[in-house]
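So the structure is just underneath, and the comments pick up after that.
Below, read A as the first sequence line, B as the second, and so on, with proteins coming before strands; counting in each chain starts at 1. Just so you know, these numbers use all the heavy atoms, side chains as well, and skip hydrogens, waters and symmetry mates.
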2 protein chains.
Amino acid sequence: MTEKQQQDIYPSMTITTDQSEQKIAPIKLGERLKEIRTTLGLTLEEASQKTGLARSTLSKIENEQISPTFQAMQKLTDGLQIDIPQLFAAPKQMNTTGRRDITRNELGKPHPTSTYEHELLATQLTNKKMMPFKSQIRARSFDAYGDWIRHDGEEFLLVLSGEITFFSEYYEPVNLSEGDSVYYDANMGHMLISVSEEDASIIWVTAS
Amino acid sequence: MTEKQQQDIYPSMTITTDQSEQKIAPIKLGERLKEIRTTLGLTLEEASQKTGLARSTLSKIENEQISPTFQAMQKLTDGLQIDIPQLFAAPKQMNTTGRRDITRNELGKPHPTSTYEHELLATQLTNKKMMPFKSQIRARSFDAYGDWIRHDGEEFLLVLSGEITFFSEYYEPVNLSEGDSVYYDANMGHMLISVSEEDASIIWVTAS
DNA sequence: ATAAAAAGTTTCCTTTTGGAAACTTTTTAT
DNA sequence: ATAAAAAGTTTCCAAAAGGAAACTTTTTAT
């Protein structure tokens with residue numbers, strides 16, 4: 001692609017209004033999309049499958065050869081499970097007396113269930129606002145025995161390793177990999193399974 | 001949380017993996033745009049002047065006859081001086097009883113400070129009981145500028161990678177490595193430094 | 001080092017967007 | 001109530017997006 005074409009697609013143009021001149025800051029949507037896709041570990045083909053947009057189209061969007069329609073962008077955000085504002089977010093940069101309770105790695109209070117291993121963290125403190133756990137979900141097993149898990153309060157969950165699928169009552173199942181997280185109302189039915197070969201390790205925190 | 005409550009979290013269950021397809025409410029961009037334009041008291045002609053889009057084009061977008069390209073949407077948001085999120089603000093939450101917010105790895109909302117990189121997670125949901133963050137602490141740097149950090153509520157922190165020292169007002173400093181965690185009252189002065197060669201990565205959750 | 005496979009890009013073509021102007025509907029003035 | 005003006009919609013066409021497949025580059029396997 002030529003420099004000319006790029007200019008044509010995202011010109012830094014000025015529009016004259018009754019008040020003043022305003023510059024349209026060229027947002028590098030393509031760059032951003034590529035960043036997101038690669039962060040999700042997807043190839044163009046996989047992204048194509050998830051979004052329903054042709055591989056070629058995705059390539060052209062990423063290389064700023066075309067400007068996607070709103071329709072296309074919805075397919076993107078829907079398929080990749082991201083929010084539109086994220087698409088537009090500027091590329092991220094790389095780069096009293098008190099109580100205190102340390103829990104060393106692997107040394108939480110065990111709380112086994114039939115299908116997975118829970119470890120309660122910070123058990124020395126009582127009357128906490130939050131309850132943190134670390135759990136191992138054995139490969140290809142459910143964390144529940146079939147029915148939705150449901151309880152008061154809110155829950156935050158982050159995947160430390162492995163890959164899980166997060167099922168919930170009102171949403172599509174979604175795959176979560178290392179570093180991905182989800183926050184949800186815990187009275188909405190929810191359930192996890194580990195979908196990778198290895199066991200999955202997660203931490204989660206509840207608050208009511 | 002009590003032992004009783006934990007029992008409630010994992011009741012005995014029977015299998016019913018309901019993966020019913022639930023479509024996310026399509027955003028009515030046209031409707032939304034018309035709402036915005038009329039709220040601003042603009043005619044199509046005036047909006048056309050401000051945005052540089054033809055009157056006919058605006059009409060067609062508002063009546064959902066065409067799907068605007070990203071380019072066109074930029075002209076819209078820039079010309080009407082509105083935020084992208086405003087354009088996409090869903091008219092109303094679906095009939096869901098539950099809320100859910102996925103944050104992909106590295107795709108939280110950046111919140112840089114002078115000494116370390118915060119990433120807010122689950123920023124789509126408001127009125128949450130908890131606030132989850134992921135942070136990178138640069139090797140050998142403080143997370144604060146000398147004085148204690150102090151704020152309302154409680155905090156839970158877990159080290160994802162690297163090694164940090166956790167200082168707090170009423171306790172001896174303590175080293176935390178991967179997998180270690182600490183729960184503390186946040187109104188007790190606290191502070192972190194990264195003590196290994198590599199940057200440290202932590203997740204932390206606050207609740208007030 | 002080479003072949004095969006996978007990932008990514010470009011080409012070619014069809015469909016759809018976006019703009020100018022014609023047309024229709026609504027509002028304002030008399 | 002009617003004419004004129006303003007606002008909004010539709011038509012027509014040029015320009016750009018989206019998809020299938022050919023093509024090129026990169027990665028993996030031998």
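- Counted by atom type alone, A/Ser135 and A/His118 present one or more donor-acceptor pairs between their side chains at under 3.5 Å.
- Among the nucleotides C/dG18, C/dT9, D/dG19, the one closest to any side-chain atom of A/Lys34 is C/dT9.
- Nucleotide C/dT30 is matched to D/dA1 when pairs are restricted to Watson-Crick or G-U wobble geometry with both distances under 3.5 angstrom.
- Under 4.0 angstrom from either OP1 or OP2 of C/dT16 there lies no side-chain N or O belonging to A/Thr69.
- We find that CG of A/Leu58 is positioned 14 Å from P of D/dA17, with the value rounded to whole Å.
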*Chi angles and distances behind the salt bridge (Lys or Arg N to Asp or Glu O under 4.0 Å) call for B/Glu62, B/Arg37*: CA-CA 10 Å; B/Glu62 290 189 352; B/Arg37 178 176 63 82; 2.6 Å; yes
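- Regarding contacts with the backbone of C/dC23, every side-chain N or O of B/Arg55 stays at 4.0 angstrom or more from both OP1 and OP2.
- The phosphate of D/dG8 (OP1 or OP2) has no side-chain N or O of B/Asn63 nearer than 4.0 angstrom.
- Two residues, B/Lys60 and B/Arg37, neighbour DNA chain D, and the one matched to the more 5' nucleotide by heavy-atom proximity is B/Arg37.
- Nucleic acid contact class of A/Leu53 (heavy atoms, under 4.0 Å, all strands): sugar-phosphate only.
- Between A/Ser59 and C/dT9 there is a side-chain N or O to OP1 or OP2 distance below 4.0 Å.
- The distance from atom CZ of A/Phe70 to atom C1' of C/dG18 is 18 Å, rounded to the nearest whole Å.
- A side-chain contact (heavy atoms from CB on, under 4.5 Å) with B/Leu157 is found for one member of B/Val182, B/Ile203, B/Thr206 and no other, namely B/Val182.
- The CD1 atom of B/Ile149 sits 7.0 Å away from the CE atom of B/Met191 when rounded to the nearest 0.5 Å.
- Nucleotide C/dT24 has D/dA7 as its partner under the Watson-Crick or G-U criteria, with both atom distances under 3.5 Å.
- With rounding to whole Å, A/Ile66 atom CD1 is found 17 Å from C/dC12 atom P.
- In this structure, D/dA16 forms a base pair with C/dT15, meeting either the Watson-Crick or the G-U wobble geometry with both donor-acceptor distances under 3.5 Å.
- Spacing between atom CG of B/Leu44 and atom P of C/dT27 amounts to 14 Å, rounded to whole angstrom units.
- Nucleotide D/dT9 holds its C1' atom 15 Å from the CG atom of B/Leu33, rounded to whole Å.
- The side chain of A/Ser56 contributes no N or O atom lying less than 4.0 Å from OP1 or OP2 of C/dT11.
- Checking A/Tyr184 against A/Glu154 by side-chain atom types alone, no donor-acceptor pair falls below 3.5 Å.
- Of all nucleotides listed (D/dG19, D/dG18, C/dG19), D/dG19 comes nearest to the side chain of A/Ala54.
- Along DNA chain D, the nucleotide closest to B/Thr43 and the one closest to A/Gln71 are compared, and the more 5′ of them pairs with B/Thr43.
- Between A/Glu64 atom CD and D/dA17 atom P the separation is 12 Å, expressed in whole Å.
- No side-chain donor-acceptor contact under 3.5 Å links A/Gln65 to the backbone of A/Lys60.
- Taking side-chain N and O atoms only, B/Gln65 has a distance below 4.0 Å to OP1 or OP2 of D/dT10.
- The interatomic distance linking A/Gln49 (CD) with C/dA7 (P) rounds to 11 Å, in whole Å.
- Whole-Å rounding puts the A/Leu76 CG to D/dG18 P distance at 9 Å.
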